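The structure appears below as structure tokens.
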Amino acid sequence: MTENDSRYPGADLEAALARWLPRQRWFAAKGHTVTGVRIVLRQALAEGPGFGAEHVLVAVDFEDTPEQIYQVPLGYRSHLPDELTPWTVATPDDAGHSVFVYDGLRDQEIIGLYARSLSSGKPKGTVDLHTVPGSEFEMDVRGRPLGAEQSNTSVVLGERLLLKMFRRLTLGINPDVELHLALSEVGCRSVAPLRAWIDADVEGVRTTLAMAQDFAANSADGWAMALGSIRDLLIEGDLRADEVGTDFAGESYRMGTAVAEVHSDLAAALGESQRPASGLAAAMSRRLEAAAAEVEELAEFVPAIQARFDEAAAVGPVTVQRIHGDLHLGQVLRTPERWLLIDFEGEPAKSLVERRHPDTPLRDVAGMLRSFDYAAHHSVREREPDTATAQREFRAREWAERNSAAFCDGYAASSGSDPRDIGALLRAYEIDKAVYEVVYEARHRPAWLRLPLNAIRRLSQD
Ligand SMILES: Nc1ncnc2c1ncn2[C@@H]1O[C@H](COP(=O)(O)OP(=O)(O)O)[C@@H](O)[C@H]1O
Ligand SMILES: O=P(O)(O)O[C@H]1O[C@H](CO)[C@@H](O[C@H]2O[C@H](CO)[C@@H](O)[C@H](O)[C@H]2O)[C@H](O)[C@H]1O
């Protein structure tokens, strides 16, 4: 297939993508009506009889929200194997299109094309590849998609590298690459080293498209591990968290030390400064106002939340630095050796400028404390209600408190500073995160909305 391809005209591709994009897990504008799709980059990767592949970027217009740009590597085949049919964008039709169009990142052959580009150091056309010095790639590695869809799409190359293709593009450098690069340069042990990244000029701005880092084989994510621990605890509800065989506190402690190490390495690599807590609290109040305008269930909590933010504002000057920005149990991987932090993109709903703003490390600590609460209470809600439900709620809370304390202990032991010492600010961050979660759940998983709302009640009114 070539740039001005006659077999699949741009206008038809744009129309097919307008129908397909809103159904994707990573589509960030759920609930907004797409009014048009415009191709902004179309780069042939392979072409031959019955098979083609293209790297495509599109700008999506909406009725009621600003344009968004998405990355959609596409495959074209005259015969689509069964395993690729769930990823169909368009089928052959009466209008004379003889090929299926599908999500290229589900096709091992197309993933292999990206792998070869990385290993040869020669991406196609206007797309640039940057290799971190000392990183080598094998020429002909095979690729496979990585499990479930998330905010982006990741593929494993030769079981050695993970290539993450950003889906919704934010014009500029992606903090995931920026922070992984900084951490890799100072030899941080608690991240998977960055090996390469891909960028291109998009609408006149140099923009990150993808990154490759070491693949941590045989790892488990913190969310799955935490759920395993809680499952055992909730079977009867009569044992305390420290009495069940799958007590998680030791892991939470080590996770705390890993997060502290990353914070210390980020400060060493990118610096620290001072900021009045009043400015941080004012930003939280603005976010609260916007969230309450979007999710009406928040309204009754606004005065109590604001009182907590006012307490945080009185804390005085605090040290700020670059942080992870969206830390939760799904963002930590337990390898056989240690915990690794992944996905430094920051909260997807924030602008790039906001995500790159220095903040206190307490935001990340609070993110993990919120996640212990999520894991515990989500597990209770997964079970059919019965006479033991109240007891399970009690145990779940105990589990969250035990693991939060262990995490903070580990953090304090590694960093020399205990996050609980500035309790008013830590609590404000927990509430701020729960407010973000209320909006996130209302947009993506309304059935989960009660989880952050219950936490807000507890955190703002205790
Ligand atoms: N370096 C890695 N090694 C192994 N698995 C990884 C690695 N980085 C991420 N993963 C896995 O890929 C999934 C998606 O990664 P993440 O960076 O969180 O992507 P997204 O931006 O799509 O949320 C994670 O949940 C984790 O299971
Ligand atoms: O897609 P990302 O992983 O970057 O993060 C977004 O999605 C997360 C949900 O997967 C969301 O996290 C919330 O749910 C988690 C459980 O699924 C829980 O552990 C977190 O504490 C809770 O915030 C995250 O906030 C969002 O940015």
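Remember, it's 1-based here, ligands and their atoms both numbered in the order they're listed. This structure is a prediction, so every number in the text was calculated from the model and none was measured.
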Decide whether an N or O pair under 3.5 Å exists between [X] and ligand 1.
X: Asp343; value: yes
X: Lys164; value: yes
X: Asp214; value: yes

Which of these, [options], has its nearest heavy atom closest to [atom]?
atom: atom 1 (O) of ligand 2; options: Ala455, Ser151, Gly330; value: Ser151
atom: atom 27 (O) of ligand 2; options: Tyr436, Tyr374, Trp448; value: Tyr436
atom: atom 21 (O) of ligand 2; options: Gly346, Ala226, Ser371, Gly325; value: Ser371

query = When the ring centroid of His444 is compared with that of Tyr440, is the distance short of 6.0 Å?
reply = yes
I want to know if ligand 2 touches [X] in the polar sense, i.e. an N/O pair below 3.5 angstrom.
X: His328; answer: yes
X: Arg25; answer: no
X: Glu441; answer: no
X: Trp223; answer: no

ask   = Side chain or backbone of Ala192 under 4.0 Å from ligand 1, or both, or neither, by non-hydrogen atoms?
value = side chain
Using a 4.0 Å heavy-atom threshold (strictly under), name the region of [X] that reaches ligand 2: side chain, backbone, both or neither.
X: Pro348; answer: side chain
X: Gln331; answer: side chain
X: Asp343; answer: side chain
X: Lys433; answer: side chain

task = Identify which one of Met368, Glu251, Arg402 satisfies the side-chain contact (heavy atoms from CB on, under 4.5 Å) criterion when paired with Phe407.
result = Met368
ask   = Short question: side chain of Ser264, backbone of Ala260 - any donor-acceptor pair under 3.5 Å?
value = no
task = Answer yes or no: is there a donor N or O on one side and an acceptor on the other, between the side chain of Ser371 and the main chain of His328, under 3.5 Å?
result = no
ask   = Are the charged groups of Asp265 and Arg322 less than 4.0 angstrom apart, N to O?
value = no
ask   = In terms of heavy-atom contacts, does CZ of Phe62 have more than 12 from other residues, nucleotides or ligands at under 6.0 Å?
value = yes
request  = Could you tell me if any non-hydrogen atom of Glu347 lies under 4.0 Å from any atom of ligand 2?
outcome  = no
ask   = Between Asp364 and Tyr429, do the side chains contain an N or O donor and an N or O acceptor separated by less than 3.5 Å?
value = no
message = With no hydrogens and no angle check, just 3.5 Å: does a side-chain donor-acceptor pair link Asn454 and His377?
response = no
key: Lys433 side, atom NZ; Ile456 side, atom CD1 - distance, nearest 0.5 Å   = 12.5 Å
query = Which residue holds the protein heavy atom closest to atom 17 (O) of ligand 2, what is that atom called, and what is the gap in Å?
reply = Arg445 NH1, 3.2 Å
ask   = Are Arg254 and Trp339 in a cation-pi contact, defined as NZ or CZ under 6.0 Å from the six-membered ring centre and within 45° of the axis?
value = no
